[in-house]
There are 2 protein chains.
Amino acid sequence: MSSGTRDLLVEAAARLLDEGGVEGVTLREVGRMAGVSHNAPYKHFASKQALLAAIAARDLARERDAIAAQTTPATPPEQALRVVLRHYADWALHYPARFKLAFGAWQAASPELDQAAHEAQALLTGIVAAAQEAGALPAGDPVRLAALVRALAHGAADLASAGHLAPDGKGHAGPGDLIDDMLLYLRQAAASGGASTGLCDQDGGRAIQEVAQ
Amino acid sequence: MSSGTRDLLVEAAARLLDEGGVEGVTLREVGRMAGVSHNAPYKHFASKQALLAAIAARDLARERDAIAAQTTPATPPEQALRVVLRHYADWALHYPARFKLAFGAWQAASPELDQAAHEAQALLTGIVAAAQEAGALPAGDPVRLAALVRALAHGAADLASAGHLAPDGKGHAGPGDLIDDMLLYLRQAAASGGASTGLCDQDGGRAIQEVAQ
DNA sequence: ACCTGAACACCGTTCAAGT
DNA sequence: ACCTGAACACCGTTCAAGT
């Protein structure tokens, strides 16, 4: 429903984005693929940036739904966290241009974009909090810890997408490997310094004091 | 020495990059700022992408030198690691366009770019290895662990630069905070599962076994 | 060896119309 | 309400000359 032309334009732009990056997205080519004139997009979007923002909003909403779909209430939180972070990295590697558009600086901010991104982050934070309660992650503000694990997945995916993750030859670590490493280290940190287990409290507490000065 | 025009062109392009992003870099404006015609750049660079690559190569070499300068042999490796990672994030926040250009996908690869990036990564790996020996980081392949800490600094800086790190209000965590958190967790993991200290060997070993299946 | 001016193809955007 | 065709300003790149 609604005018199908708008969806056709977004679909055509997304395809051009995958093929030739953001520089390959041309309003003239978008119109040609959608079967309209080269400036028909201006009847549906205020500018080219607004069309790109529509792609980002669609992708962010899909990612949010994918997170929700991949994590049923029955899945252990540690496994759910790994699946979500790996999906984040996989999506970045498969659709680098759309990834950079969705998670880059939005030239044209829209409530749709903000809401979808916020909801996805809230879902991740919930998984992190559940993993904390299960003892798989260190205690502390789940919002802050969710930002940390997301930052690592984002950085590993972005560097790998640009070919800057493993300058050396074979046997290198991919984004998924780094995510696994981090989850292992966080689990060890939870066992060492966390209040949930109580093991090694004296040493973990000392390390916290030192770093916090 | 050499033709000063080339350096003037790179300098002008870098300034335009800081002011208006990569879209603000125009060969016509670059030529105008350097006092030459709009296509004089083609006598020094094969294309606009080659000019942008020259900016990236200059910045990567400067970052490599900054890493080397900030870490004298006398500095404790843990402090050196924190300084280097924080500098990485600070640079991304102050010069987002140049950061994305230097660490993004290079359209025109050059030996200069590859060498500078490789040397900077080698310096970071050396610091990581020293921190491992000091017991501040978990044991294991230093190349892989250096990739992990770099990925977190990169992701935190990139997300913060785009405004996607802390969607909520005040009291949020910046890239520097996430870097500190990670270094703390890694220190705790080193104390828990590392072979260097010997503390909590039984528990750390079990966690490793579980995750590795 | 380095630079210029004109020219070409292309693009984002606007505008006056059309239905 | 949605679309078209012409037009404008701009840009990357090329080319024939100039010194």
Side-chain angles (χ1 to χ4, degrees), chain A residues 1-58 97-98 100-101 104-110 113, chain B residues 1-58 97-98 100-101 104-110 113:
Chain A
M1 52 194 67
S2 77
S3 83
T5 306
R6 200 193 122 104
D7 295 334
L8 285 177
L9 291 170
V10 175
E11 182 62 31
R15 189 148 50 196
L16 288 173
L17 190 63
D18 288 334
E19 290 173 359
V22 70
E23 294 184 352
V25 180
T26 286
L27 288 185
R28 286 168 152 85
E29 187 67 15
V30 167
R32 204 183 62 79
M33 286 180 65
V36 294
S37 73
H38 71 284
N39 54 11
Y42 283 96
K43 308 303 163 183
H44 301 268
F45 304 97
S47 64
K48 179 182 177 180
Q49 290 298 335
L51 172 58
L52 294 175
I55 302 177
R58 191 192 63 166
R98 270 151 69 179
K100 286 182 177 60
L101 187 65
W106 302 327
Q107 312 282 16
S110 77
L113 274 170
Chain B
M1 53 194 67
S2 76
S3 82
T5 307
R6 199 192 124 104
D7 294 335
L8 285 177
L9 291 170
V10 175
E11 182 63 32
R15 188 149 50 195
L16 287 174
L17 190 63
D18 288 334
E19 290 173 359
V22 69
E23 294 184 353
V25 180
T26 285
L27 288 185
R28 286 169 152 84
E29 187 67 16
V30 167
R32 205 184 62 81
M33 286 180 66
V36 293
S37 74
H38 72 284
N39 55 9
Y42 283 96
K43 309 303 164 184
H44 301 269
F45 304 97
S47 65
K48 179 182 176 178
Q49 289 297 335
L51 172 58
L52 294 175
I55 302 177
R58 190 192 65 165
R98 270 150 72 180
K100 287 182 177 61
L101 186 66
W106 302 327
Q107 313 280 16
S110 76
L113 274 170

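Chain A is the first sequence line, chain B the second, and so forth, proteins listed ahead of strands; every chain is numbered from 1.
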Pairs: protein N or O with nucleotides 6-8 of chain D N or O, under 3.5 Å:
unit_1: D:dA6; atom_1: N6; unit_2: A:His38; atom_2: NE2; d: 3.4
unit_1: D:dA6; atom_1: N6; unit_2: A:Asn39; atom_2: ND2; d: 3.3

### N/O donor-acceptor pair under 3.5 Å between B:Thr26 side chain and B:Glu29 backbone
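Not at all, since once roles are kept as given, no pair shorter than 3.5 Å links the two residues.
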### Task
Check every atom of C:dC2, C:dG12, D:dC2 against the side chain of B:Lys43 and return the nucleotide holding the closest atom.
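It is C:dC2.
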### Message
Could you tell me if the side chain of A:Phe45 sits less than 4.5 Å from the side chain of A:Leu27, heavy atoms only?
### Response
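Not in contact.
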### Task
Map A:Gln49 and B:Ala40 onto DNA chain C by nearest heavy atom, then report which one ends up closer to the 5' terminus.
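On the 5' side of the pair lies B:Ala40.
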Without decimals, in angstroms, what is the distance between [X] [atom1] and [N] [atom2]?
X       : N      : atom1 : atom2 : value
B:Asp7  : C:dC2  : CG    : P     : 13 Å
B:His44 : C:dC2  : NE2   : P     : 6 Å
B:Glu23 : C:dC11 : CD    : C1'   : 12 Å
B:Arg32 : D:dC10 : CZ    : P     : 12 Å
A:Glu29 : C:dG12 : CD    : C1'   : 15 Å
B:Tyr42 : C:dG5  : OH    : C1'   : 15 Å
B:Leu9  : C:dC2  : CG    : P     : 12 Å
B:Phe45 : D:dT14 : CZ    : P     : 16 Å

### Task
Using a heavy-atom cut-off of under 4.0 Å over every strand shown, decide if A:Val25 touches base, sugar-phosphate, or nothing.
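Since only primed, P, OP1 and OP2 atoms lie under 4.0 Å of A:Val25, the category is sugar-phosphate.
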#### Entry: A:Leu101 vs A:Leu52, side chain to side chain contact (heavy atoms under 4.5 Å, CB included): CA-CA, chis, key distance, verdict
CA-CA 8 Å; A:Leu101 187 65; A:Leu52 294 175; 4.1 Å; yes
### Query
Does A:Thr26 make a side-chain N or O approach to OP1 or OP2 of C:dC10 shorter than 4.0 Å?
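Negative; the distance criterion is not met.
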### Presence of A:Ser47 side-chain N/O under 4.0 Å of C:dG12 phosphate oxygens OP1/OP2
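Looking at the OP1 and OP2 atoms of C:dG12, neither is under 4.0 Å from any side-chain N or O of A:Ser47.
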### Secondary structure string for DNA chain C (Watson-Crick or G-U under 3.5 angstrom, | for other-strand pairs)
||.|||||...|||||.||
So which atom in [X] and which in [Y] form the shortest heavy-atom distance, rounded to 0.1 Å?
X       : Y        : answer
A:Gly21 : A:Ala97  : CA-CB, 4.0 Å
B:Ala57 : B:Leu113 : N-CD2, 3.5 Å
B:Met33 : B:Ala12  : CB-CB, 3.8 Å
A:Ala46 : A:Ala50  : N-CB, 3.9 Å

### Query
Taking the same atom, C1', in D:dA9 and in C:dC10, what whole-Å distance lies between them?
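Their C1' atoms lie roughly 13 Å apart.
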#### Entry: Residues which pass salt bridge (Lys or Arg N to Asp or Glu O under 4.0 Å) with A:Arg28, listed by chain and number, not counting sequence neighbours
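Per chain and number, A:Arg28 pairs via salt bridge (Lys or Arg N to Asp or Glu O under 4.0 Å) with no residue.
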### Message
According to salt bridge (Lys or Arg N to Asp or Glu O under 4.0 Å), who are the partners of B:Arg15, at least two apart in sequence or on a separate chain?
### Response
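B:Arg15 satisfies salt bridge (Lys or Arg N to Asp or Glu O under 4.0 Å) with no residue once adjacent residues are dropped.
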### Query
Can you list, by residue number, the residues of residues 10-22 of chain A that have a non-hydrogen atom closer than 4.0 angstrom to DNA chain D?
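Heavy-atom cutoff 4.0 Å gives no residues at all.
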### Query
According to the salt bridge (Lys or Arg N to Asp or Glu O under 4.0 Å) rule, which pairs have a member within residues 42-58 of chain A, sequence neighbours left out?
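Only A:Glu11-A:Arg58 qualify under salt bridge (Lys or Arg N to Asp or Glu O under 4.0 Å).
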### Task
With A:Ile55 as reference, evaluate A:Leu17, A:Val22, A:Leu16 under the side chain to side chain contact (heavy atoms under 4.5 Å, CB included) test and give the passing residue.
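Going through the options one by one, the only one that passes is A:Leu17.
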### Message
The test is side chain to side chain contact (heavy atoms under 4.5 Å, CB included); show your working for A:Leu9 and A:Val36 and say whether it passes.
### Response
CA-CA 9 Å; A:Leu9 291 170; A:Val36 294; 4.2 Å; yes
